[in-house]
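Only one structure is covered here, and it is reproduced in the block below.
Each chain gets a letter, A, B and so on, in the order the sequences are listed, and its residues count up from 1.
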Amino acid sequence: MTLENLVKQATSEEFNIPLEEIPRFDVQFTPDPALGDYAVPIGFALAKQLRMAPDEVTKRLAAKLNGPFAVDAVKGYLNFTMSDQWWLDALNRGFVRYPRLKGRVLIEFVSANPTGPVHIGHGRGAVVGSVLTSLFKKVFDTANSEFYVNDAGEQIRRFCQSVELRIRQLMGENLELPEDYYQGEYIIDIARWIVERYSWYELSDEERWRVLWNDAVSLMIEWHQASLHKIGVHIENWVSERDIRKQGWPERVVHLLKAKGLAYESDGAVWFKSTEFGDDKDRVLVKSNGEFTYYLVDVAYHLEKLENRGYDMVVNVWGADHIGHVARMDAALSALGHPEKLRVVLVQTVRFWREGKPVAMSKRKGEFLTLDELVEEIGKDAARLTFLTRSVDSTLDFDIEVAKKQAMENPVYYIQYAYVRAKNILSKENERTFGHSVQFGVEERALLRLLESFEERMKLAVRKMDPFLIQSYAWEMADAFHKFYQSQRVIGSEFENVRWLLVERFLETLGELLDLLGIEKLERM
RNA sequence: GCGCCCGUAGCUCAAUGGAUAGAGCGUCGGCCUCCGGAGCCGAAGGUUGGAGGUUCGAAUCCUCUCGGGCGCGCCA
């Protein structure tokens, strides 16, 4: 029986209270291992209900409770110190268990425009999205990752024009690059790639446009995939905006909204009454020139995910600068009969630093550090982990020089070092002849209860949709291990067998977290 | 002006409504005859921006207020 149920039952019997009238209480870890392992602050609420002092309540409960633990009443708290045998049983069971939730989930992230390389500004969203996907795959019936390719619209047109101009320059034409064209060097690379494969001047206008529209864009998408792979992000679905348009989803959205009386025409445009769903102003769906707004196409895309592919929940990892889209997207999906199926993870901005100076980023001038360059400089693991060192709600200062250093400032080494140390112990050849008795010390108990909280920590990470919580859990686990390692010997100890098992479980559990985080499990460093 | 995020140690950040608010960096002082010292231990450092409120209990929830960030297009 769980501690929670034991306490409930004891309370009911001791104070003659029906089970359903017992106030809610938590089972939590004590702030200090010296107080015990688990704490149940049940005395406070009951004290009021029973008109009794909190410590009187807990004292009576403590006297009544028995099980594989010692129990202490301190103020309103019941403090449980679990028996060594109880911990040994837990150790034998293992700790890696996930909460289970029903449903099919789709996580969309990065979705950088295919008009330029993935740059460091996309990095945080990419890593957050990929870790969320790994986690959700363990928790939900189905979870898939998706990259939405904005391969239609004005930006792509301008991109194609930029490539074309560079092609003509390569062919020897003397042309100026207009200011509002894409300036980056990579445009020249694409132009060169095309020139190497096609006899440009022999193509008709239509053929040229098709090459730009298809080949140049496909090449960008391939580059995106390659860049993301380098930082350990492998996105399953790449969905094209062109396909969403081709399949008539935008028209369907307009049709559905009109049928519900939620769309109207004004000033030659078609508007959605989003104000009826909490938005602060109505939104244009179809511009007066007949073109669809980006907003309409995005709504259409979400409708496609829900209705065509049958996802129960769609998660979007967006930069904080997309805050304005949340209300209107919610509004549209509610209007279309899918309320509360969209969850937006807003990831706050990252500021990149180098030796105390901000890293300049200007897309216009084509000056930006690409994700490739970052990964090349500091490595995949350091890049991934650094992006996860703050909760998604907090802005992140990413100092590239610090992340490159192999020092404690850099949590990736701290965590990996703990893993290596543990691995190293198990690599020793030895004969273990001692039995399975044990007395766990404070450091071991600290590590044990951290391991034991695996499922709960995962539950919290899912609820908050924040991979930062996995990173911080991994860090705490590494911390607990370093302390254990420092204070207790494994090999040659009186409790060698049990400690050996503890190290194995630690490796198994931390390894699971490293897998989720997409960080290498090093054996040596 | 409106909406969202953030104000916690010198700096960067943690903390399910619970006990004495914790880490890293920086500063000062210790620990390898010993499974890897990329580690560990200790010291110093706090009116959790401010004011009210809810609660047995608030960094956490509510109201107001002051600072900082982001966003408020028939752009994408």
Side-chain angles (χ1 to χ4, degrees), chain A residues 25-32 35 39-41 43-48 53-54 74-77 79 113 115 150 152-156 241 266-271 279-281 283-295 297-298 319-328 346-349 351 389-397 399 402 405-414 416-418 420-428 430 443 456-457 459-460 463-464 468-469 472 475-476 478-479 481-493 496 499-500 503 524-525:
Chain A
F25 60 89
D26 293 325
V27 177
Q28 54 199 208
F29 290 117
T30 59
D32 179 355
L35 291 167
V40 177
F44 302 109
L46 273 177
K48 205 179 177 198
V74 182
K75 292 186 277 187
Y77 297 95
N79 289 340
N113 281 339
T115 53
N150 294 122
E154 199 47 44
Q155 302 285 349
I156 286 290
E241 180 187 342
S266 172
D267 301 330
V270 181
W271 298 71
D279 199 0
D280 51 6
K281 58 178 92 162
R283 303 291 165 181
V284 173
L285 298 171
V286 184
K287 301 185 217 173
S288 51
N289 65 8
E291 284 176 17
F292 300 147
T293 58
Y294 176 83
Y295 169 59
V297 182
D298 213 15
D321 55 342
H322 284 65
I323 179 65
H325 298 282
V326 177
R328 70 191 70 159
L346 277 186
V347 180
Q348 290 293 323
T349 358
R351 287 177 309 203
T389 50
R390 298 286 178 270
S391 77
V392 291
D393 286 340
S394 287
T395 55
L396 166 62
D397 283 307
D399 192 314
V402 169
K405 274 194 255 176
Q406 307 203 347
M408 243 316 293
E409 301 165 73
N410 192 343
V412 68
Y413 295 102
Y414 187 73
Q416 284 180 324
Y417 185 44
V420 168
R421 276 181 145 178
K423 205 75 189 175
N424 193 50
I425 293 172
L426 300 193
S427 71
K428 304 293 176 195
N430 74 318
E443 290 85 2
E456 196 176 328
R457 299 291 286 253
K459 201 184 285 178
L460 190 64
R463 199 175 76 225
K464 298 222 167 178
F468 158 76
L469 295 169
S472 58
W475 191 91
E476 286 174 49
D479 184 49
F481 183 79
H482 283 307
K483 283 168 183 164
F484 158 71
Y485 182 93
Q486 205 76 29
S487 66
Q488 314 281 355
R489 280 191 67 82
V490 175
I491 292 167
S493 115
E496 181 172 313
R499 287 188 181 155
W500 186 278
V503 174
R524 272 184 302 278
M525 52 194 290

Side chain of A:Asp321: nearest nucleotide among B:U20, B:A38, B:C70?
-> B:C70

OP1, OP2 of B:A14 versus side-chain N and O of A:Ser391: anything below 4.0 Å?
-> yes

Nucleotide nearest A:Leu460 when distance is taken to its side chain, options B:U16, B:G37, B:C13 | B:U16

Compute the ring centroids of A:Tyr295 and A:His325, then answer whether they are less than 6.0 Å apart.
-> no

Taking only N and O in the side chain of A:Lys287, is any of them less than 4.0 Å away from OP1 or OP2 of B:C75?
-> yes

Quick one: A:Arg328 CZ to B:C4 P, roughly how many Å, whole number?
-> 15 Å

Integer-rounded Å distance: B:C40 P and A:Tyr485 OH | 12 Å

Please check the phosphate of B:G69 (OP1 and OP2 only) for any side-chain N or O of A:Ser394 closer than 4.0 Å.
-> no

To the nearest angstrom, the CD-P distance between A:Glu476 and B:G24 comes to 12 Å

Indicate whether OP1 or OP2 belonging to B:A38 is found under 4.0 Å from a side-chain N or O atom of A:Tyr417.
-> yes

A:Thr115 side chain to A:Ile156 backbone, donor-acceptor under 3.5 Å = no

Of the listed nucleotides B:C4, B:C74, B:U20, the one nearest the side chain of A:Lys75 = B:U20

From the options A:Tyr414, A:Tyr417, A:Tyr413, A:Phe468, select the one residue that forms a ring-ring contact (aromatic ring centres under 6.0 Å, His included) with A:Trp475.
-> A:Tyr414

At under 4.0 Å, does any side-chain N or O of A:Arg421 touch on OP1 or OP2 of B:G37?
-> yes

Between A:Ala422 and A:Val503 the two heavy atoms that sit nearest each other are O-CG1, 3.6 Å

State the pairing partner of B:U54; accept Watson-Crick or G-U wobble contacts with both distances under 3.5 Å, and report none otherwise.
-> none

